[in-house]
Chemist: 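Quick one: the structure is below, questions incoming.
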There are 2 protein chains.
Amino acid sequence: MISGKFAITIHILTLLHKFPNDYLSSEFIAGSMNLNPVLVRKEIANLKAHHVVESKEGKNGGTKLAVNASELTLKEIFEMTFETIGLGFAKNQPNPDCPVGKKINQNLEALYSEMNEKVGAQLQNISLEDFSNQF
Amino acid sequence: MISGKFAITIHILTLLHKFPNDYLSSEFIAGSMNLNPVLVRKEIANLKAHHVVESKEGKNGGTKLAVNASELTLKEIFEMTFETIGLGFAKNQPNPDCPVGKKINQNLEALYSEMNEKVGAQLQNISLEDFSNQF
DNA sequence: TCATACTGTAATAAAATATGTTACAAATTT
DNA sequence: AAATTTGTAACATATTTTATTACAGTATGA
């Protein structure tokens, strides 16, 4: 999963923030997103690995936030979803005998890296609470 | 084509800038990128539609830059490739009966739109000439 | 203690998207 | 006229995303 990972993750976290006292089931969350519950559980597994949520198995189980929403930034969420922004690379290895081909990916990476810094600075200023309170 | 479009386009433009007096064939360009010539021609068609390059059919034909590389910004190239940055959306329509589902895409769009402004400002400061001169 | 309702995870299937290939008409040069 | 190149359509393949099925393990509570 790449394309929707951040969007799905933040959707999950927003729901958890809206119901701070409940363990929400993957089925319930999936209902809000119109997504398969297994995919929700996979994203939750990632969030658990980052100690952002905790979940309880068994009947009446589910997931709830394990951190303070005012202290979790969108930048952290962004990084948890393994995302970097960028404008992509050509899929094939360019020709190393061409001066342009030889360095194109390196130069694109430098460019994208600057983009990430800019965007990272922006996302760092927004907490999950901020985002969630827009709803 | 989405993922590599910007990268491919800027690669093409860099090559054209490096050989300002020649009509480069799609075959030659494809050789530097290790890409199918038809795909190169497709991106060139897009560049032509934006009047950034001109090409000549027939024997010894090919493509050359039609604008001054110092006046073409990466932002314009970015826009020509129809790209916007962002962190994606969930693929399915979210549940409109859920307050979060109802507004999630709208709120993500607002967020991404700000990101685009930041990145756009950065890309506007870099010309094709600047980029090409790194090689 | 047993039925129920969850999570966790693997394996597989289906759908969507991206990339590659073939083919050939039209244009231009030599 | 022969050769070379663009332009483009049609089709094929590969890759990536998303969905589904299945089921073991865990907790709840009647």
Side-chain angles (χ1 to χ4, degrees), chain A residues 1-9 11-12 15-16 19 22-31 33-50 52-66 81-83 86-94, chain B residues 1-9 11-12 15-16 19 22-31 33-66 81-83 86-95:
Chain A
M1 177 176 303
I2 287 178
S3 82
K5 200 174 164 95
F6 174 82
I8 289 169
T9 296
H11 194 148
I12 292 170
L15 284 172
L16 296 179
F19 298 90
D22 298 325
Y23 283 89
L24 301 186
S25 74
S26 63
E27 187 96 17
F28 175 84
I29 295 171
M33 321 182 55
N34 191 16
L35 192 72
N36 194 289
V38 175
L39 301 179
V40 171
R41 298 206 285 269
K42 276 183 187 163
E43 292 314 317
I44 284 173
N46 183 38
L47 289 170
K48 276 180 68 178
H50 289 88
V52 167
V53 303
E54 55 179 280
S55 39
K56 208 170 64 173
E57 293 187 30
K59 188 167 177 178
N60 297 331
T63 302
K64 71 197 274 279
L65 268 186
T81 53
F82 314 115
E83 308 223 30
L87 305 176
F89 296 92
K91 192 180 158 194
N92 296 336
Q93 208 56 39
Chain B
M1 176 175 303
I2 289 177
S3 82
K5 202 174 163 97
F6 175 82
I8 290 169
T9 298
H11 194 149
I12 293 169
L15 284 171
L16 296 179
F19 298 90
D22 298 325
Y23 282 89
L24 302 185
S25 74
S26 62
E27 188 96 16
F28 175 85
I29 295 170
M33 322 182 54
N34 191 18
L35 193 71
N36 194 290
V38 175
L39 300 180
V40 172
R41 298 207 284 270
K42 277 183 186 165
E43 292 314 316
I44 284 173
N46 183 38
L47 289 170
K48 278 180 67 179
H50 288 90
H51 308 100
V52 167
V53 303
E54 56 179 281
S55 39
K56 209 169 62 173
E57 294 185 31
K59 187 167 179 178
N60 297 332
T63 302
K64 70 195 276 278
L65 267 186
T81 53
F82 314 116
E83 308 222 29
L87 305 175
F89 296 92
K91 191 181 159 195
N92 296 336
Q93 207 58 38
N95 186 342

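In what follows, every chain begins at residue 1, and chains take the letters A, B, ... in the order their sequences are listed.
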Chemist: Quick one: pull up OG1 in B/T63 and CD in B/E57 and give me the separation to the nearest 0.5 Å.
Modeler: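 The distance works out to 10.0 Å.
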Chemist: State, yes or no, whether a side-chain contact exists between A/L39 and A/M33 at a heavy-atom distance under 4.5 Å.
Modeler: no
Chemist: Separation of A/N60 atom CG from D/dA27 atom P, in whole Å?
Modeler: 13 Å
Chemist: Could you give the CG-to-C1' distance, from A/N36 to C/dT12, as a whole number of Å?
Modeler: 13 Å
Chemist: Can you tell me the distance, in whole Å, between the CG atom of B/N34 and the C1' atom of C/dG20?
Modeler: 12 Å
Chemist: Rounded off to whole Å, could you give me the CD-to-P distance for the B/E43 and C/dA18 pair?
Modeler: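 The distance from CD of B/E43 to P of C/dA18 comes to 12 Å, rounded to the nearest Å.
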Chemist: In Å and rounded to the nearest 0.5 Å, what is the CG to CG distance from B/D22 to B/N60?
Modeler: 10.5 Å
Chemist: In this structure, which one of B/L65, B/I29, B/I44, B/I12 forms a side chain to side chain contact (heavy atoms under 4.5 Å, CB included) with B/L24?
Modeler: B/I29
Chemist: Would you please confirm or rule out a distance under 4.0 Å between OP1 or OP2 of D/dT6 and any side-chain N or O of B/T63?
Modeler: no
Chemist: Could you list, one pair per line, each protein nitrogen or oxygen that sits under 3.5 Å from a nitrogen or oxygen of nucleotides 13-15 of chain D, together with the distance?
Modeler:
none

Chemist: Once you round it to whole Å, what is the distance between C1' of C/dC6 and CG of A/L24?
Modeler: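 Result: 13 Å.
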Chemist: Roughly how far apart are A/S25 OG and A/K59 NZ, rounded to 0.5 Å?
Modeler: 13.5 Å
Chemist: Show your reasoning for whether side-chain contact (heavy atoms from CB on, under 4.5 Å) applies to A/L35 and A/H11.
Modeler: CA-CA 11 Å; A/L35 192 72; A/H11 194 148; over 6 Å; no
Chemist: Round to a whole Å and report the spacing from NZ of B/K5 to P of C/dT17.
Modeler: 15 Å
Chemist: Would you kindly compare A/V38 and B/V38 by the position of their nearest DNA chain C nucleotide and give the one closer to the 5′ end?
Modeler: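 Result of the comparison: A/V38.
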Chemist: For A/Y23 and D/dG29, what is the distance between atoms OH and P respectively, to the nearest whole Å?
Modeler: 13 Å
Chemist: Partners of A/F19 by ring-ring contact (aromatic ring centres under 6.0 Å, His included), sequence neighbours excluded?
Modeler: A/F28
Chemist: Any N/O pairs under 3.5 Å between the protein and nucleotides 24-28 of chain C? List them or say none.
Modeler:
{"unit_1": "C/dA27", "atom_1": "O4'", "unit_2": "B/E57", "atom_2": "OE1", "d": "3.0"}
{"unit_1": "C/dT28", "atom_1": "O2", "unit_2": "B/K59", "atom_2": "N", "d": "3.0"}

Chemist: Please tell me which of the listed nucleotides, C/dG8, D/dT6, C/dG20, lies nearest to the side chain of B/K42?
Modeler: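 So the nucleotide nearest the side chain must be C/dG20.
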Chemist: Closer than 4.0 Å, any side-chain N/O of A/K48 to the OP1 or OP2 of C/dG8?
Modeler: yes
Chemist: Hey, which of these two, B/N92 or B/S26, hits DNA chain D nearer its 5' end, going by closest nucleotide?
Modeler: B/S26
Chemist: Atom NZ in A/K5, atom CZ in A/F82: separation rounded to 0.5 Å?
Modeler: 5.0 Å
Chemist: Select one nucleotide: of C/dG20, D/dT8, D/dT6, the one nearest the side-chain heavy atoms of B/A45.
Modeler: D/dT8
Chemist: So, taking the atom named CG in A/N36 and the one named CD in A/E27, what distance separates them when rounded to the nearest 0.5 Å?
Modeler: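 Going from the CG atom of A/N36 to the CD atom of A/E27 covers 9.0 Å.
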Chemist: Could you state the CD-P distance from A/E83 to D/dT17, rounded to the nearest angstrom?
Modeler: 10 Å
